[in-house]
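Keep in mind the model is a prediction, meaning the values are calculated, not measured. The sequence lines fix the lettering, A, B, ..., with proteins before strands; numbering per chain opens at 1.
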2 protein chains.
Amino acid sequence: MRLEDEIKQTSFQSEGQKAYLNIVFTSGWLTLRQAAAFRPYGVTLPQFNVLRILRGQHPKPATVALLIDRMLDKTSNASRIVDKLEEKKLVTRTVCPGNRRAVDIRITAAGLDLLRQIDDSGVLVAAQTGMSTLSDSEFQQLNYLLDKIRA
Amino acid sequence: MRLEDEIKQTSFQSEGQKAYLNIVFTSGWLTLRQAAAFRPYGVTLPQFNVLRILRGQHPKPATVALLIDRMLDKTSNASRIVDKLEEKKLVTRTVCPGNRRAVDIRITAAGLDLLRQIDDSGVLVAAQTGMSTLSDSEFQQLNYLLDKIRA
DNA sequence: CTACATTTAATGTATGTACACTAAATTTGC
DNA sequence: GCAAATTTAGTGTACATACATTAAATGTAG
């Protein structure tokens, strides 16, 4: 749907201003759909993303610093997201033996199970059906333009 | 900067998956810059956006429902954003005489002053310098692609 | 006119975001 | 070897987001 109709604004200062609003609005639109898809599994989107990073490391542990490095949202508080996952027994936290400042974070069997369930359900794919309306070359063009904005 | 480098991920399931991450990441990147620009003025980005909607209505009042309709983030809690603005005396809230369920929200002289200050400062333009790296036709292409995703 | 439904805003609760600050462990420079 | 700097997590606080629920005013059907 055209941005103009979504936010009931008919004129914009510039195409750039409109593009800014469009990026932020589309991001929210997509995130809302993703979050809804995960809700039945009892994890939020940031929690899911941390779990996926941990699975990528498995069976090696990750530190909080590594999570921050790989997270989309660098300023989000990885500690507190790990808190929630620990409460749900999806991850474990142990002081790193080699460096007692750091904390080794590992995904548990239950965590791996949950990710497998979500993978199998196709929920992730379904949540991105909004994303299936573009061709591969259009996606590439989009990625090119977004990367260029942050040049 | 390439998304791959920003989030240290070298492979993606598909261009669509990568585009999804790119939209969300770029949105966060832009929002962070905008928020920093407003901080000296003591308002947050959602608060600023509500103020702008109210200026657009001025001198007519707006209701909470109208704010939600025009906001980028429909599920954000307009009531509480108005709370903050009211505390800062940037808006007023009065029960709507014609419909006592509704609340008339108006921007105050101080609110208009603040917006004028922000406009004059060029802060908004400066915050969007990240957005100046694309040509108009590239922005148009970007808008087209984003609208198509939400088709 | 009254009972029920709908509209409108506000509130409650859990989570996440942004940023400053703290505290402990380690590294570095002398 | 020790003092200062740095690294690493965690905490505190303010704000926003997401969604369910409440409460009051209004509309509507009988």
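- At a threshold of 4.0 angstrom between heavy atoms, the contacts of Leu45(A) with the nucleic acid are absent.
- Of the N and O atoms on the side chains of Asn22(A) and Arg150(B), at least one donor lies less than 3.5 Å from an acceptor on the other residue.
- Proximity of residues 55-67 of chain A to DNA chain D (heavy atom under 4.0 angstrom from any strand atom) is restricted to Thr63(A), Val64(A), Ala65(A).
- Taking CG of Leu66(B) as the start and CE of Met71(B) as the end, the distance is 11.5 Å to the nearest 0.5 Å.
- Judged by closest nucleotide on DNA chain D, Val82(A) is the one of Glu87(B) and Val82(A) placed further toward the 5' end.
- Residue whose closest nucleotide on DNA chain C sits further toward the 5' end, between Ile105(B) and Pro46(A): Ile105(B).
- Using modelled atom types, one finds a donor on one side chain and an acceptor on the other under 3.5 Å when comparing Gln47(B) with Lys88(B).
- Scanning atom types as modelled, one donor and one acceptor separated by under 3.5 angstrom connect the side chain of Arg80(A) and the base of dG12(D).
- Going from atom CZ of Phe38(B) over to atom P of dA16(D) covers 13 Å, rounded to whole Å.
- Within the structure, side chain to side chain donor-acceptor pair (under 3.5 Å) pairs that include any residue of residues 50-60 of chain A comprise Asn49(A)-Arg52(A), Arg55(A)-Asp119(A) (at least two apart or interchain).
- Protein atom CZ of Arg33(A) is 17 Å distant from nucleotide atom P of dT17(D), rounded to whole Å.
- Rounding to the nearest 0.5 angstrom, the gap separating the CZ atom in Phe12(B) from the CG atom in Leu21(B) is 6.0 Å.
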For this session: Summarise protein proximity over nucleotides 24-29 of chain D in one line of letters, 5' to 3': B for base, S for sugar-phosphate only, - for none, counting protein heavy atoms closer than 4.0 Å.
Result: -BS---

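- Scanning residues 69-79 of chain B for heavy-atom distances under 4.0 Å to DNA chain C yields Asn77(B), Ser79(B).
- Atom CD1 in Ile107(B) sits 4.5 Å away from atom CG in Leu51(B) (nearest 0.5 Å).
- Salt bridge absent: Arg80(B) and Asp83(B) never bring a charged side-chain N and a carboxylate O closer than 4.0 Å.
- One can place CG of Asp83(A) at 7 Å from P of dG10(D), the figure rounded to the nearest angstrom.
- Atom pair Ile81(A):CD1 and dG10(D):P shows a separation of 12 Å (rounding to whole Å applied).
- Judged as a ring pair (Phe, Tyr, Trp, His ring centres under 6.0 Å), and not counting sequence neighbours, Phe139(A) has no contacts.
- Distance alone, capped at 3.5 Å, places no donor-acceptor pair between the Thr31(A) side chain and the Gly28(A) backbone.
- Note on Asp69(A) versus Lys8(B): salt bridge recorded, some NZ/NE/NH1/NH2 to OD/OE distance being below 4.0 Å.
- With values rounded to the nearest 0.5 angstrom, Leu112(A) atom CG is found 12.5 Å from Arg106(A) atom CZ.
- A distance of 5.5 Å separates CG in Leu146(A) from CG in Leu142(B), rounded to the nearest 0.5 Å.
- One atom, CD of Glu86(A), and another, P of dA9(D), lie 14 Å apart when rounded to the nearest Å.
- Residue Lys89(B) places its NZ atom among 12 or fewer non-hydrogen atoms of other residues, nucleotides or ligands, all under 6.0 Å distant.
- The shortest distance between side-chain heavy atoms of Thr63(B) and Val103(B) does not fall below 4.5 Å.
- Boundaries of the chain B contact region on DNA chain C are dT7(C) to dC19(C), first to last in 5' to 3' order (nucleotide atom under 4.0 Å from a heavy atom).
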